[in-house]
Amino acid sequence: MSFTLAIVGRPNVGKSTLFNRLVGKRLALVDDQPGVTRDLREGDARLADLRFTVIDTAGLEEATDESLQGRMRKLTERAVDMADICLFMIDARAGVTTTDEVFAEILRKRAKHVILAANKGEGAAADAGVIEAYSLGLGEPIRLSAEHGEGLNDLYLHLMPLA
Ligand code: GDP
Ligand code: MG
């Protein structure tokens with residue numbers, strides 16, 4: 001059985017980097033899929049023997065007149081409702097921000113399953129942020145480096161029982 005994973009989190013934490021890593025070059029069909037706007041990118045993901053649909057919440061990175069918070073809430077709720085599992089990403093180098101806390105609250109209320117990921121986790125500069133991530137009340141964070149492909153084994157171990 002397959003599942004849908006939504007990657008959510010504030011701009012610049014590394015969502016699209018992880019999306020691209022999971023999807024590789026299998027993005028060709030995205031534009032043809034009905035019901036998927038440019039705010040939500042959808043792709044066929046592969047992680048070891050797991051095959052699933054992954055959604056990247058891309059719309060937050062575009063500049064519009066609407067406030068980030070307003071768009072964030074709407075877009076996140078849409079992604080969360082489409083997904084079986086949400087991967088909530090923070091930037092371990094930056095630590096937990098107030099915006100992260102708003103996301104965490106939405107996810108705690110609405111998401112079926114949440115996996116917490118502390119990205120940019122390579123190197124000692126991320127140590128404090130990874131520890132801080134526990135304060136979000138979403139369980140143990142996975143230490144990821146989407147850019148360097150580190151921590152994907154942990155992600156696999158979290159996804160496998162839910163697949
Ligand atoms: P998004 O806005 O959440 O989709 O974030 P992006 O995927 O566009 O990444 C934002 C920036 O963070 C880019 O410059 C990425 O190269 C960088 N980035 C993503 N993942 C990592 C990581 O694991 N480590 C570091 N150091 N930088 C990363
Ligand atoms: Mg992005």
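Remember, it's 1-based here, ligands and their atoms both numbered in the order they're listed.
- Between E101 and L136, some side-chain heavy-atom pair lies under the 4.5 Å cut-off.
- Residues that satisfy the side chain to side chain donor-acceptor pair (under 3.5 Å) test with Y156, not counting sequence neighbours, are D49.
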### Message
Under the criterion side-chain contact (heavy atoms from CB on, under 4.5 Å), I'd like the reasoning laid out for D81 against R110: C-alpha separation, chi angles, the key distance, then a yes or no.
### Response
CA-CA 8 Å; D81 291 348; R110 199 165 180 120; 2.7 Å; yes
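- Checking only distances, A146 does come within under 3.5 Å of ligand 1, N or O to N or O.
- Residue-level proximity to ligand 1 for N119 is carried by the side chain, the only part with a heavy atom below 4.0 angstrom.
- The atoms of ligand 1 that sit less than 4.0 Å from any heavy atom of K15 are 1 (P), 2 (O), 3 (O), 4 (O), 5 (O), 7 (O).
- Annotation for ligand 1: atoms under 4.0 Å from non-hydrogen atoms of P11 are 2 (O).
- Checked for salt-bridge contact, D84 and K112 miss the test: no charged N lies under 4.0 Å from a carboxylate O.
- Not a single N or O atom of L144, backbone or side chain, sits closer than 3.5 Å to an N or O atom of ligand 1.
- By the criterion of a heavy-atom distance under 4.0 Å, both the backbone and the side chain of S145 are placed next to ligand 1.
- A 4.5 Å side-chain heavy-atom check between D44 and R51 finds every atom pair outside the cut-off.
- Some N or O of G14 is nearer than 3.5 Å to an N or O of ligand 1, by distance alone.
- Judged purely by atom type and a 3.5 angstrom limit, N119 uses its side chain to pair as donor or acceptor with the backbone of A146.
- The stretch residues 132-146 participates, sequence neighbours left out, in these salt bridge (Lys or Arg N to Asp or Glu O under 4.0 Å) pairs: D127-R143.
- Backbone and side-chain nitrogen or oxygen atoms of D56 are examined, and none is located within less than 3.5 angstrom of a nitrogen or oxygen of ligand 1.
- Here's the thing with K120: one of its N/O atoms is less than 3.5 angstrom from an N/O atom of ligand 1.
- Residue contacts to the Mg ion (ligand 2): S16 brings an N, O or S atom closer than 2.8 Å.
- In M89, neither the side chain nor the backbone holds a heavy atom less than 4.0 Å from any atom of ligand 1.
- Here the CZ atom belonging to R41 is positioned 10.0 Å from the OG1 atom belonging to T57, to the nearest 0.5 angstrom.
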